[in-house]
Amino acid sequence: MSERRQQPSPAQVRAGRALLNWNQQQLADHSGIARRTVAAYEHGGNRVTTSSITAMAEALGRAGINFSGDGDPEGVYRLSD
C-alpha cells in the first residue's frame with residue numbers, strides 16, 4: 001500500500017525555510033523551480049502547480065524538515081541527526 005504524502009501549506013513552507021535559515025532563492029535552487037514560484041506559493045498563490053509544491057516539500061524533506069497535518073494540528077519540525 002502506498003503512503004500519500006501531505007502537501008505542505010504556504011505557512012509550513014515558510015516555517016520550514018526558517019528552520020533551515022534558507023531564503024526563497026535557496027529553496028528554489030534546491031527544488032529546481034523559480035524563486036517567483038516559491039514566493040507565489042508562500043503568499044497564498046493558487047496558480048502554483050502540484051509538481052512545484054511537491055518539489056518544495058521534497059527539497060525541504062531532504063534537508064530534514066517534516067510536516068504534520070492530516071488529522072494532527074498543522075506543524076513543521078526538523079528531524080534531528
Side-chain angles (χ1 to χ4, degrees):
M1 177 185 261
S2 67
E3 182 180 320
R4 186 178 79 78
R5 185 173 185 123
Q6 170 195 338
Q7 295 283 342
S9 70
Q12 286 176 305
V13 170
R14 283 190 306 273
R17 279 194 313 101
L19 286 172
L20 296 170
N21 198 31
W22 283 2
N23 60 37
Q24 289 178 340
Q25 186 61 58
Q26 288 170 301
L27 177 55
D29 291 344
H30 286 278
S31 302
I33 61 176
R35 188 207 57 80
R36 69 180 177 276
T37 303
V38 174
Y41 187 62
E42 288 186 355
H43 290 99
N46 58 1
R47 292 186 170 207
V48 177
T49 65
T50 300
S51 63
S52 292
I53 299 166
T54 298
M56 288 184 273
E58 289 176 351
L60 291 166
R62 286 189 301 271
I65 300 299
N66 206 350
F67 306 102
S68 62
D70 286 348
D72 297 323
E74 184 178 278
V76 179
Y77 58 94
R78 187 172 187 177
L79 299 173
S80 59
D81 296 326

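We're numbering straight along the sequence, starting at 1. All values below come from the heavy atoms of this structure, side chains included, with hydrogens, waters and symmetry mates left out.
Screening residues 20-40 for ring-ring contact (aromatic ring centres under 6.0 Å, His included) gives Trp22-His30 as the qualifying pairs, with residues at least two apart or on separate chains.
In terms of modelled atom types and a separation under 3.5 Å, the side chain of Gln26 and the main chain of Asn23 share a donor-acceptor contact.
Listed by chain and number, the residues in a side chain to side chain contact (heavy atoms under 4.5 Å, CB included) with Arg36 are Ala34 (sequence neighbours excluded). With sequence neighbours excluded, no residue forms a salt bridge (charged side-chain N to carboxylate O under 4.0 Å, His left out) with Arg14.
The CZ atom of Arg62 lies 7.0 Å from the OG atom of Ser31; values are rounded to the nearest 0.5 Å.
Gln7 approaches Gln12 most closely through the heavy-atom pair O-OE1, 4.3 Å. Summarising the geometry of Ile33 relative to Ala55, their closest heavy-atom pair is CG2-CB, 4.3 Å, with the distance given to 0.1 Å.
With no hydrogens or angles considered, no side-chain donor-acceptor pair links Gln25 and Arg35 at under 3.5 Å.
Among Gln24, Arg47, Met56, the single residue meeting the side chain to side chain contact (heavy atoms under 4.5 Å, CB included) criterion with Tyr41 is Met56.
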